[in-house]
S.K.: 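Mind looking over this structure? Questions follow.
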Amino acid sequence: MKYALLLSLFLLQIIALAQSNDSITSPKKVDDKLLLTIFLKHDQSMNLYEIEEIRTDQGFYENFPPEGVAVVNWFVVMGIGQMVVLELPASKLAAVNLAIERTAWKAFKTEIYPTYDLYPIVEDKLKNKSKVTY
């Protein structure tokens, strides 16, 4: 978790640098939103009903995601657990972290990765312009 936080801070510094340096950024405007990929890894010593009971008792569904944070995708990754992609302003990073620590721990082991959408930057470079949406 400590390394994820350090990586997040590092990425936020890169985003801030990119916003202040026109030679680094693409012509499209960069804002302070970031994507956060969260793996909620199943503990295979518990079945789904036990995991759901813990998650419900801890208030997961009432508190996640925090206000001002949007769910982009929420997938089941068979054999791993669930993968949630959130879009949030950088100022909401601590709120997401607290929501995970308070309501998902014990039900899941978590891995959190700050990410960003590279497609707008590489879109003009691609020879095949198709983008699949489901």
Side-chain angles (χ1 to χ4, degrees):
M1 192 64 171
K2 179 172 75 172
Y3 296 112
L5 182 59
L6 290 173
L7 181 61
S8 324
L9 294 172
F10 176 71
L11 286 174
L12 290 174
Q13 288 177 343
I14 290 174
I15 291 168
L17 177 62
Q19 287 176 332
S20 67
N21 189 343
D22 289 338
S23 65
I24 295 174
T25 61
S26 69
K28 297 176 182 168
K29 187 177 184 310
V30 177
D31 58 23
D32 77 334
K33 288 187 180 172
L34 60 103
L35 297 175
L36 203 61
T37 302
I38 303 170
F39 285 93
L40 303 170
K41 298 174 77 174
H42 288 156
D43 177 348
Q44 294 181 1
S45 70
M46 292 186 288
N47 66 36
L48 185 57
Y49 299 112
E50 293 168 313
I51 292 170
E52 270 305 298
E53 184 177 2
I54 293 169
R55 189 161 51 166
T56 301
D57 290 347
Q58 293 183 159
F60 180 82
Y61 294 109
E62 293 81 18
N63 296 292
F64 186 83
E67 190 172 329
V69 176
V71 174
V72 175
N73 290 307
W74 198 312
F75 297 105
V76 169
V77 183
M78 291 170 46
I80 294 176
Q82 299 176 24
M83 182 182 76
V84 183
V85 179
L86 303 176
E87 181 180 59
L88 59 142
S91 63
K92 293 288 185 177
L93 185 61
V96 171
N97 183 56
L98 285 174
I100 291 290
E101 289 177 353
R102 290 178 177 159
T103 67
W105 284 7
K106 199 190 287 187
F108 299 101
K109 293 185 182 201
T110 59
E111 291 183 18
I112 302 175
Y113 301 97
T115 55
Y116 61 94
D117 185 5
L118 189 61
Y119 187 73
I121 296 169
V122 299
E123 179 180 19
D124 295 334
K125 298 176 183 179
L126 296 174
K127 295 189 185 336
N128 177 358
K129 301 290 183 195
S130 65
K131 180 179 179 185
V132 177
T133 57
Y134 297 97

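Keep in mind that this is a model prediction, so the values were computed, not measured. In this chain, residues are counted from 1 in sequence order.
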S.K.: To the nearest 0.5 angstrom, please state how far the NZ atom of Lys92 sits from the CG atom of Asn97.
M.R.: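 Reported value, rounded in 0.5 Å steps: 14.0 Å.
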
S.K.: Do Ile38 and Glu111 have side chains that approach each other closer than 4.5 Å (heavy atoms only, starting at C-beta)?
M.R.: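 The answer is no; the side chains never approach within 4.5 Å.
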
S.K.: Under the side chain to side chain donor-acceptor pair (under 3.5 Å) rule, what pairs show up with a residue in residues 62-78, not counting sequence neighbours?
M.R.: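 Checked against side chain to side chain donor-acceptor pair (under 3.5 Å) - neighbours excluded - the pairs reaching residues 62-78 are Trp74-Gln82.
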
S.K.: Which heavy atom of Pro66 sits nearest to which heavy atom of Ala99, and what is that distance?
M.R.: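 It is CG-CB, 4.1 Å.
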
S.K.: CZ/Phe60 to CD1/Ile54 distance, rounded to the nearest 0.5 angstrom?
M.R.: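 Spacing of CZ (Phe60) from CD1 (Ile54) equals 13.0 Å.
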
S.K.: Report yes if the side chains of Val71 and Val85 come closer than 4.5 Å at any heavy-atom pair, otherwise no.
M.R.: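 A side-chain contact under 4.5 Å is absent here.
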
S.K.: List the steps and the verdict of side-chain contact (heavy atoms from CB on, under 4.5 Å) for Tyr116 and Leu118.
M.R.: CA-CA 6 Å; Tyr116 61 94; Leu118 189 61; 3.9 Å; yes

S.K.: Can you sort out the partners of Lys109 under side-chain hydrogen bond (donor to acceptor under 3.5 Å, both in side chains), two or more places apart, ordered by chain and number?
M.R.: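 With neighbours one apart ignored, the set is empty.
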
S.K.: Looking at residues at least two apart in the chain, or sitting in another chain, which of them share a side-chain hydrogen bond (donor to acceptor under 3.5 Å, both in side chains) with Ser91?
M.R.: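 Per chain and number, Ser91 pairs via side-chain hydrogen bond (donor to acceptor under 3.5 Å, both in side chains) with no residue.
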
S.K.: Evaluate the side-chain proximity of Phe75 to Val84: yes if any heavy-atom separation is below 4.5 Å, no if none is.
M.R.: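 No - every pair of side-chain heavy atoms lies 4.5 Å or more apart.
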
S.K.: Checking side-chain contact (heavy atoms from CB on, under 4.5 Å) for the pair Asp43/Phe108: CA distance, chi angles, key distance, verdict?
M.R.: CA-CA 6 Å; Asp43 177 348; Phe108 299 101; over 6 Å; no

S.K.: Between Thr110 (side chain only) and Leu40 (backbone N and O only), is there a donor and an acceptor less than 3.5 Å apart?
M.R.: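 Checking the backbone N and O of Leu40 against the side chain of Thr110, no donor-acceptor pair under 3.5 Å is found.
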
S.K.: Looking at residues at least two apart in the chain, or sitting in another chain, which of them share a salt bridge (Lys or Arg N to Asp or Glu O under 4.0 Å) with Lys106?
M.R.: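 Residues passing salt bridge (Lys or Arg N to Asp or Glu O under 4.0 Å) with Lys106: none at all.
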
S.K.: Report the relative orientation of the aromatic rings in Phe39 and Tyr113; use parallel for angles under 30°, tilted for 30 to 60°, perpendicular for over 60°.
M.R.: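 Geometry flag for Tyr113 against Phe39: perpendicular rings.
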
S.K.: Can you find a pair of side-chain heavy atoms, one from Ile112 and one from Leu36, that are under 4.5 Å apart?
M.R.: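 They are in contact (side-chain heavy atoms under 4.5 Å apart), so the answer is yes.
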
S.K.: What residues form a salt bridge (Lys or Arg N to Asp or Glu O under 4.0 Å) with Glu53, not counting sequence neighbours?
M.R.: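 Once residues adjacent in sequence are excluded, Glu53 has no partner under the salt bridge (Lys or Arg N to Asp or Glu O under 4.0 Å) criterion.
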
S.K.: Considering residues at least two apart in sequence or located in another chain, which fulfil the side-chain hydrogen bond (donor to acceptor under 3.5 Å, both in side chains) criterion with Glu50?
M.R.: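 So Glu50 forms no side-chain hydrogen bond (donor to acceptor under 3.5 Å, both in side chains) with any residue.
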
S.K.: Quick one: does Glu87's side chain have a donor or acceptor within less than 3.5 Å of a partner on Lys33's backbone?
M.R.: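 Absent.
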
S.K.: What are the two closest non-hydrogen atoms of Trp105 and Gln58, and how far apart are they?
M.R.: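 It is O-NE2, 2.8 Å.
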
S.K.: Answer yes or no: does atom OH of Tyr61 have more than 12 heavy-atom neighbours from other residues, nucleotides or ligands under 6.0 Å?
M.R.: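 It does: Tyr61 OH has more than 12 such atoms within range.
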
S.K.: I'd like to check Val96 versus Pro65 (side-chain heavy atoms, cut-off strictly below 4.5 Å). Are they in contact?
M.R.: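 Answer no - side chains too far apart.
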
